[in-house]
Amino acid sequence: MNHSTASDPAHDIWKEQRHPLDRIFHPRSVAVIGATEREGSVGRTLLWNLISNPFGGTVFPVNPQRHSVLGLKSYPDIASVPEVVDLALIATPAAVVPQAIRECIAAGVKGAVIVSAGFKEIGPAGVALEQEIMAAARLGGMRIIGPNCLGVMNPVLGLNATFAGTIARPGNVAFISQSGALCTSILDWSLGENVGFSTFVSIGSMLDVGWGDLIEYFGDDPHTKSIVLYMESMGDARSFLSAARPVAIDKPIIILKVGRTAAAAAAAASHTGALTGSDDVLNAAFRRCGALRVHTISDLFDMAEILAKQPRPQGNRLSIVTNAGGPGAIATDALISGGGALAELAPETLQQLDGFLPPQWSHQNPIDILGDASSDRYAKTIEVVAPDPNSDGLLVILTPQAMTNPTKTAEELKSYSKLGKPLLTSWMGGAEVLAATEILNQAKIPTFPYPDTAVRLFNYMWRYSYNLRAIYETPSLAADSDLWSPDRPTIAKILTSARTSDRALLTEYESKQLLSAYGIPTIPTSIATSDREAVEIADRLGYPVVLKLHSETITHKTDVGGVQLNLGDAKAVISAFEAIAQRVRAIDPAAFLGVTVQPMVRLEGYELILGSSIDPQFGPVMLFGSGGQLVEVFQDRALALPPLNTTLARRMMEQTRIYKALQGVRGRSAIDLEKLEQLLVRFSQLIVEQPQIAEIDINPLLVSPEGAIALDARVVLQTTENTISPAIRPYPVQYVQQWSTDSSITIRPIRPEDEPLMVLFHQELSEESVYLRYAHMVNLKHRIAHERLTRSCFIDYDREMLLVADRKDPETSEHQILGVARLSNLHGKNEAEFALIVRDSYQERGLGTELLRLLLQIGREEKLNAIVGYILTSNYKMQSLCEKIGFELKPERGEGMLKAVFVY
């Protein structure tokens, strides 16, 4: 079979033209529009910073009033500059910025930083200026940072395109801030603390370039090891999440987010809306993409440093070694209150410690080795405690005492800098520990003046690991995943009926039908419009029963006395019907349409709430927690962004207090957590597939060892056509189809659950197929490593599409993947690169042709401009296939490759 190669994490054979943002961060030439010699002006400072910090490029002042500025020849306009400029720094009054942008585009400038203020922050007039700027920029393919910003620095290159007083030190942290004033403060602080940066960006009001663009760009930057953000507003939430998730697995993204969005939970009459606050949603979003949120500036940079120096912990269990009881107790309090746990030392560890420590040592964690601890005692204790399997990290505390040598102890610790788990230290004291802290820092062992600070950072570390594992842990597949799909005709009928009658509120009966269509168990429910009909239904169901108000307008039935429980006979049913009717008609005669009749459920179990509401930034947000009538009082809930898989569903449950009870407590059996996971997954699918839904509550969702059942449900529809899309693109079901040549083969987008099948697929490939796909040999161990397969199975459908040809054996019902075709968006372009490989036993049957044809169809539907691929010159079959389908083949300089190009 034919294969194409594509860029691969292990081996990138593709060399393409510059990224659009390179013109801003790696410019070959810079023009300063608004350059001047006026003391204290922004235009003068920008120009001076550029020429006093040589970056290897040319600087052109633009000022129509002067022939030279600061000794450099000045040009009356950008069109007069004798070469094409990469980056324009614009420091003119806001009113003339649109014209300056248009002139730059006419001159071929592709990057701009607008430091000028006076745009949307001043009101409608400023907004109009921004719209002018963006209309021009889009036509000219220009990328813009700002307006209202300090500028950008690339300290590694020596570029200072800001009006700050000095350039930052070179380093490996990309710092991005919405506050220019904070930038200058951080810059001043960093020089004193010897903190260095790969890039220093004042992002301003994000007219064009936003968080997602920069995270993606610095994710590819070899000089950047971590990305640090000071965020005031999110901007494009979908772009941020899409960019952050693949980057966070390799480079920490650490965020200091201030303020709360204006649209907090002022909203809804729903329980979910009342419980969902915008800041909580933001935390859920950061968890979902693997970013770490901190709450102080010092934590922001401490975490960047610590994650660069030490490995991430696998869990939250910490061992504490100290020569004083007080600091150990302080550290313990901070650890437990922050969600961490003291490691329970293994018996063999305790036995070894007993062998050499004084009898008075603490005999537990924290490990108090007493005030006369020598450097040797510290070293031997660490040697014994570090490998303990019950421990995920180690904190060593030293207080200066007469018998303690801080410097010598630090020297002893140098050899333990690489334990495979984080090692943190707290050398308490002033001048007498300075030499020791310098030794520890040089050995890449983070040290802090106070133990509670170190512990707080450890708690951040394990949460960061926990969130990343949730994103990339292979989820389980539902047992009925091949057979089950929503009852879409029933769903469409319910929603159409509500729209036709101009209703935003579904009845309880309709709400339960909707849930049932998504496989969520509901209690049998029938509508009765008279007391006699209610009795007939109750006789059929069997007593006792429950009567609830049936209404198209009243939101919460219990608030109007619309729920009657435990009705044991026909007389009770008639009485309850009349009572509900009387109460509701007194409020609104038109609201009473009858009652629903349901069996009275007496299952022993737990009442949960499962719901969703719309966040103005992130779209639908899912809620899970303790339910019942006191749901707002207890506020035991967790939020997540849909869609979920089973792993993310479990992580969501783990954030609640009720989760411990669900596992079984006080002699009560555990509920079936796997079935509850699947229920949450299906509920999340409902949310993302039905954008007409504004709010949905299942309260209570009764769960017990016997199962789960929705006892009550409430659904509110959007009142406007302008729905907010999910922040995370759901599974693209529109690209699932049967292969016409073989009906046992389904071609569909990949899922995280496919990882085991991908392992088997790679095990069946021949060496020739592997070589043709990757343009070099990739050994099997590397191809099937979880860390690598996560990049194939856990994809963002906004950024790439990976199709698998999935064959289900008609006899065994087992699945196998026969072929894989990938379409990956190229950064900074509206183009994608394709790759294709087919299992050897299925080559030359037309499957590769079908997969490539479908990739072209997807590219058209995703509105791409072009698709490219790279083919070995010896791969004649793939060349023939590409030409047959409509690709143009071009030689690739010096690579032994051909470039296949398909332009739409």
Side-chain angles (χ1 to χ4, degrees), residues 18-30 46 49-50 53-57 86-89 110-115 143-146 149-191 193-204 206 208-231 235 239-240 243-244 247-248 250-256 291 297 300-301 303-305 307-308 827-828:
R18 302 169 73 194
H19 190 290
L21 295 186
D22 281 341
R23 299 177 188 275
I24 295 175
F25 296 108
H26 293 83
R28 295 166 182 156
S29 54
V30 180
L46 286 170
N49 283 346
L50 284 167
N53 297 278
F55 62 95
D86 275 347
L87 172 63
L89 298 182
K110 295 296 185 182
V113 174
I114 303 174
V115 300
R143 300 310 307 269
I144 297 172
I145 286 181
C149 70
L150 183 75
V152 302
M153 294 182 191
N154 184 338
V156 176
L157 188 67
L159 173 73
N160 185 3
T162 75
F163 57 91
T166 186
I167 191 170
R169 296 180 188 274
N172 55 28
V173 176
F175 176 63
I176 311 166
S177 172
Q178 273 184 296
S179 166
L182 184 72
C183 280
T184 55
S185 300
I186 292 292
L187 179 59
D188 186 57
W189 167 85
S190 69
L191 296 171
E193 293 293 320
N194 201 26
V195 174
F197 299 91
S198 59
T199 321
F200 202 88
V201 185
S202 170
I203 198 172
M206 300 191 298
D208 174 34
V209 174
W211 300 114
D213 298 298
L214 294 174
I215 289 170
E216 178 186 88
Y217 182 77
F218 295 125
D220 289 337
D221 177 28
H223 298 292
T224 297
K225 303 303 180 189
S226 56
I227 301 171
V228 168
L229 313 179
Y230 173 81
M231 180 184 290
S239 171
F240 171 85
V247 171
D250 293 320
K251 298 182 181 183
I253 300 172
I254 306 159
I255 303 171
L256 176 60
I297 292 174
L300 196 66
F301 290 97
M303 285 307 301
E305 177 188 10
L307 290 169
H827 291 178

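No experiment lies behind these values; they were computed from the predicted model shown.
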Between [X] and [Y], is any pair of side-chain heavy atoms under 4.5 Å apart?
X      : Y      : value
Leu229 : Ile253 : yes
Gln178 : Ile203 : yes
Val201 : Phe218 : yes
Met206 : Trp211 : yes
Met153 : Leu187 : yes
Leu89  : Phe163 : no
Phe197 : Ile186 : yes

For [X] and [Y], indicate whether the former's side chain and the latter's backbone hold a donor-acceptor pair under 3.5 Å.
X      : Y      : answer
Thr224 : Asp220 : no
Asp188 : Ser185 : no
Asp86  : Pro27  : no

Tell me the closest heavy-atom pair linking [X] and [Y], and the distance in Å.
X      : Y      : answer
Leu307 : Pro252 : CD1-CB, 3.6 Å
Ser226 : Ala304 : OG-CB, 3.8 Å
Cys149 : Val113 : SG-CG1, 3.8 Å
Pro155 : Ala168 : CB-O, 3.4 Å
Phe25  : Leu157 : O-CD2, 3.9 Å
Ala164 : Thr162 : N-OG1, 3.1 Å

Value rounded to 0.5 Å, distance of [atom1] in [X] from [atom2] in [Y]:
X      : Y      : atom1 : atom2 : result
Asn53  : Leu159 : CG    : CG    : 8.5 Å
Ile176 : Cys183 : CD1   : SG    : 10.0 Å
His827 : Glu216 : NE2   : CD    : 4.0 Å
Thr199 : Asp221 : OG1   : CG    : 5.5 Å
Glu305 : Ile254 : CD    : CD1   : 10.5 Å
Ile167 : Asn49  : CD1   : CG    : 8.0 Å

Using the ring of each side chain (for Trp, its six-membered ring), is Phe301 parallel, tilted or perpendicular to Phe175, with breaks at 30° and 60°?
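It falls in the tilted class, 30° to 60°.
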
Assign the ring pair Tyr217 / His26 to parallel, tilted or perpendicular, where the plane angle (0 to 90°) is split at 30° and 60°.
tilted

Let me see the working for Arg143 and Asp213 under side-chain contact (heavy atoms from CB on, under 4.5 Å), right down to the final yes or no.
CA-CA 10 Å; Arg143 300 310 307 269; Asp213 298 298; 3.3 Å; yes

Does Arg169, at its CZ atom, have more than 12 non-hydrogen atoms belonging to other residues, nucleotides or ligands within less than 6.0 Å?
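Count over threshold, so yes.
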
Worked check of side-chain contact (heavy atoms from CB on, under 4.5 Å) between Ile145 and Leu21
CA-CA 10 Å; Ile145 286 181; Leu21 295 186; 5.8 Å; no

